[in-house]
**Student:** 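Quick one: structure below, then a few questions.
Computed from a predicted model, the values in this text were never measured in an experiment. Residues take their numbers from the sequence shown, with the count starting at 1.
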Amino acid sequence: MPRRHIRVTGAPEAPLRAVLTALRHELGVPAGFPHEALAQAEETAKAPALPPYDATDLPFLTIDPPASTDLDQAMHLSRHGTGYRVRYAIADVAAFVVPSGPLDREAHRRVTTLYFPDLRVPLHPESLSEGAASLLPDQDRPAVLWTVDLDGDGRTVAVDVTRALVRSRARLDYAGVQKQIDTGTAEEPLALLREIGQLREKLEVERGGISLGVPEQEIVEHDHTYQLAYRAPLPADGWNSQISLLTGMAAADLMLSLGTGILRTLPAAPDGAVGRLRHTAHALHIDWPHHVSYAELVRSLDPHRPRHAAFLQECTTLLRGAGYTVFRDGALPPITTHSAVAAPYAHCTAPLRRLVDRYVSEICLAATAGRPVPEWVSAALDALPARMAEGSRRAGTVERECLDIVEAALLKDRVGEVFDGCVVEVEERRPTVGTVQLESPAIIGRIENTDGERLPLGERIRVRLTQSDPGSAKVRFEPA
């Protein structure tokens with residue numbers, strides 16, 4: 001997974017767009033959809049396969065970044081007896097995509113939506129991903145509707161999955177949701193997000209799971225130029241993520257009970273990786289007593305504090321190695337859990353943006369209905385892990401390269417200037433080389449001490465910019 005979470009707001013100026021266009025060409029990113037795929041998208045957008053069950057009476061709502069239009073999920077939360085009922089509607093991509101048709105073939109070629117600062121390269125044509133299939137407000141949409149009943153402690157007691165017609169009533173963003181909940185102005189379907197989210201966070205602690213509150217590095221358009229900023233996640237981000245995690249865990253349990261499916265798995269981190277993190281914590285002056293587990297330490301950190309934010313970035317190294325595991329006919333794989341979730345888990349809540357989710361939804365629908373898994377799903381399963389791995393690598397490369405390019409463009413006229421920063425990473429084999437995080441602007445770049453002295457991990461440092469070339473996507477610093 002990418003080391004840095006990146007979000008893009010607005011569109012950068014023309015010189016940067018030229019460099020980004022060159023990057024897309026270099027990476028072989030599709031410039032457009034084949035005519036046959038576009039034609040099929042237009043056709044199915046007008047007449048999707050509609051489900052018989054009508055759930056449009058439920059006032060669903062969506063929570064996404066402000067500029068998002070590819071809306072995969074909508075939720076409705078309510079009290080149910082002494083517990084809660086979570087209804088989670090997921091865009092039903094299969095209502096629009098014909099198996100083995102031109103749309104399906106193109107989706108298998110793309111695998112994921114790719115996000116650039118100047119444009120989005122979608123998994124499906126925009127007529128679907130941002131139109132007929134997106135859960136936009138005040139529109140009737142086909143969806144895969146999850147109904148998850150929880151007890152008073154937030155534990156799952158019943159799960160149902162069915163196709164339904166849904167209608168979102170409100171399109172919300174994280175800051176607005178947080179404000180409504182904090183001020184007490186949120187109505188119950190939204191106000192319950194905090195109550196249920198906190199219960200699920202407590203259960204996450206009990207099972208040893210970890211949710212990393214890694215700050216996003218945000219590319220922001222302002223006055224026809226661009227800036228970089230850090231955005232620490234809000235509590236509402238975490239509560240919303242818990243609903244998605246809940247659904248992914250329910251999907252994994254359904255598939256394991258069926259004996260056929262595809263899980264998102266992550267082995268436990270090797271001792272050496274955790275040991276390295278202990279050295280990093282020491283260098284960053286973060287107290288990590290030996291009796292405190294890694295999960296406990298992570299939950300105690302404040303992403304608003306620079307040293308804590310830097311350590312959380314380093315914690316993402318333990319998430320490397322996640323993959324997709326297929327099993328069928330009751331033969332369960334050796335590893336069925338995701339170590340960060342600390343439970344079996346599956347990707348199923350973002351089918352507009354990720355290929356595998358459509359297949360997980362179909363398997364779960366079959367498991368709930370007691371019918372065989374569709375042949376088109378079964379036939380594609382074995383090839384999905386490799387395809388998803390390839391798509392994930394490409395998406396990670398795009399995110400890293402785009403951020404490097406924007407950073408270089410931002411600093412291209414400031415070579416030779418001195419900045420305040422903090423050394424957040426030092427290479428084990430080359431301790432004179434590492435990574436520095438500037439205080440302002442919000443840049444994370446490579447630093448090398450040509451004098452041969454070890455870089456001071458975790459220490460504040462004055463650094464000089466020695467290179468900033470958007471064309472080569474390189475930003476380099478040295479100690480000042």
Side-chain angles (χ1 to χ4, degrees), residues 44-64 70-80 83-99 124 128-150 156-172 188-190 192-193 196 240 243-255 258 346-354 357-374 376-377:
T44 59
K46 297 174 183 175
L50 296 179
Y53 176 46
D54 189 335
T56 56
D57 59 314
L58 293 171
F60 284 92
L61 57 88
T62 61
I63 306 174
D64 292 275
D70 48 348
L71 310 184
D72 288 284
Q73 316 106 12
M75 74 174 71
H76 179 268
L77 309 177
S78 61
R79 298 190 184 278
H80 183 66
Y84 309 89
R85 173 161 286 175
V86 175
R87 292 185 178 92
Y88 208 39
I90 308 300
D92 188 4
V93 173
F96 300 88
V97 177
V98 178
H124 305 98
L128 297 182
S129 62
E130 300 182 39
S134 178
L135 304 183
L136 298 167
D138 302 318
Q139 303 291 327
D140 291 348
R141 292 288 188 258
V144 176
L145 178 57
W146 290 77
T147 302
V148 184
D149 289 340
L150 309 175
T156 301
V157 294
V159 176
D160 181 65
V161 192
T162 189
R163 285 194 152 92
L165 199 65
V166 302
R167 187 179 182 88
S168 172
R169 301 296 200 280
R171 177 179 168 185
L172 308 177
E188 182 172 277
L190 179 60
L192 285 175
L193 179 62
I196 296 173
N240 187 60
I243 302 300
S244 181
L245 281 170
L246 168 69
T247 309
M249 292 166 65
D253 288 342
L254 279 175
M255 292 189 293
L258 180 67
H347 276 158
C348 66
T349 61
L352 292 177
R353 292 170 282 174
R354 195 169 48 208
D357 299 49
R358 171 161 49 109
Y359 289 86
V360 172
S361 290
E362 291 301 322
I363 297 170
C364 291
L365 285 163
T368 305
R371 65 171 185 267
V373 173
W376 64 269
V377 174

**Student:** Using modelled atom types only, decide if a donor and an acceptor are shared between the side chain of S134 and the backbone of L71 within a distance under 3.5 Å.
**Tutor:** yes

**Student:** Find the distance between CG (D92) and CD (E362) and round it off to the nearest 0.5 Å.
**Tutor:** 6.5 Å

**Student:** Could you tell me whether the side chain of W146 reaches within less than 4.5 Å of the side chain of V86, counting heavy atoms only?
**Tutor:** no

**Student:** Show, in sequence, the C-alpha distance, side-chain angles and deciding distance for Y88 and L246, and conclude whether the side chain to side chain contact (heavy atoms under 4.5 Å, CB included) test is met.
**Tutor:** CA-CA 10 Å; Y88 208 39; L246 168 69; over 6 Å; no

**Student:** Might you work through the side chain to side chain donor-acceptor pair (under 3.5 Å) test for S244 and T349, ending with a clear yes or no?
**Tutor:** CA-CA 7 Å; S244 181; T349 61; 3.0 Å; yes

**Student:** Show your reasoning for whether side chain to side chain contact (heavy atoms under 4.5 Å, CB included) applies to R85 and V148.
**Tutor:** CA-CA 6 Å; R85 173 161 286 175; V148 184; over 6 Å; no

**Student:** Show, in sequence, the C-alpha distance, side-chain angles and deciding distance for L365 and R371, and conclude whether the side chain to side chain contact (heavy atoms under 4.5 Å, CB included) test is met.
**Tutor:** CA-CA 9 Å; L365 285 163; R371 65 171 185 267; 3.9 Å; yes

**Student:** With rounding to the nearest 0.5 angstrom, report the OG1 to CD1 distance, T368 to I363.
**Tutor:** 11.5 Å

**Student:** What are the two closest heavy atoms between Y53 and R163, and how far apart are they?
**Tutor:** CB-O, 3.6 Å

**Student:** So, for P142 and L135, which heavy atoms are closest and what is the spacing to 0.1 Å?
**Tutor:** O-CD2, 4.5 Å

**Student:** With a 4.5 Å limit on heavy-atom distance, are the side chains of V161 and V144 in contact?
**Tutor:** yes

**Student:** With a 4.5 Å cut-off on side-chain heavy atoms, are L165 and L50 touching?
**Tutor:** yes

**Student:** Which atoms form the tightest heavy-atom contact between T247 and I243, and what is the distance?
**Tutor:** OG1-O, 2.9 Å

**Student:** Considering only heavy atoms from C-beta outward, does the side chain of C348 approach that of I90 to under 4.5 Å?
**Tutor:** no

**Student:** Step by step, would you call R87 with S78 a side chain to side chain contact (heavy atoms under 4.5 Å, CB included)?
**Tutor:** CA-CA 8 Å; R87 292 185 178 92; S78 61; 3.9 Å; yes

**Student:** Can you tell me how far apart CD1 (I196) and CG (L77) are? Round to the nearest 0.5 Å.
**Tutor:** 4.5 Å

**Student:** Would a distance-only check, ignoring hydrogens and angles, find a side-chain to backbone donor-acceptor pair under 3.5 Å from R171 to L61?
**Tutor:** no

**Student:** Testing the basics here: between A74 and T62, what is the closest heavy-atom pair and its distance to 0.1 Å?
**Tutor:** CB-CG2, 3.7 Å

**Student:** Any side-chain to backbone donor/acceptor pair from R169 onto F60? Under 3.5 Å, distance only.
**Tutor:** no

**Student:** Quick check for you: to the nearest 0.5 Å, what is the distance between D138 atom CG and R167 atom CZ?
**Tutor:** 5.5 Å

**Student:** Would you indicate whether the side-chain heavy atoms of P59 and H76 approach each other to under 4.5 Å?
**Tutor:** yes

**Student:** If you measure from CG on D70 to CG on L128, what distance do you get to the nearest 0.5 Å?
**Tutor:** 12.0 Å

**Student:** Using modelled atom types only, decide if a donor and an acceptor are shared between the side chain of D72 and the backbone of L352 within a distance under 3.5 Å.
**Tutor:** yes

**Student:** Is there a side-chain contact between D149 and T156 in this structure, where contact means two heavy atoms from C-beta onward sitting under 4.5 Å apart?
**Tutor:** no

**Student:** Any idea which heavy atoms bring A143 and A89 closest together, and the distance?
**Tutor:** CB-CB, 4.0 Å

**Student:** Return the CD to CG distance between Q73 and N240, rounded to the nearest 0.5 Å.
**Tutor:** 7.0 Å

**Student:** Locate the shortest heavy-atom distance separating R358 from A94; write the atom from each residue and the value.
**Tutor:** CD-N, 3.9 Å

**Student:** Verify, without hydrogens or angle tests, whether S129 (side chain) and H124 (backbone) share a donor-acceptor contact under 3.5 angstrom.
**Tutor:** yes

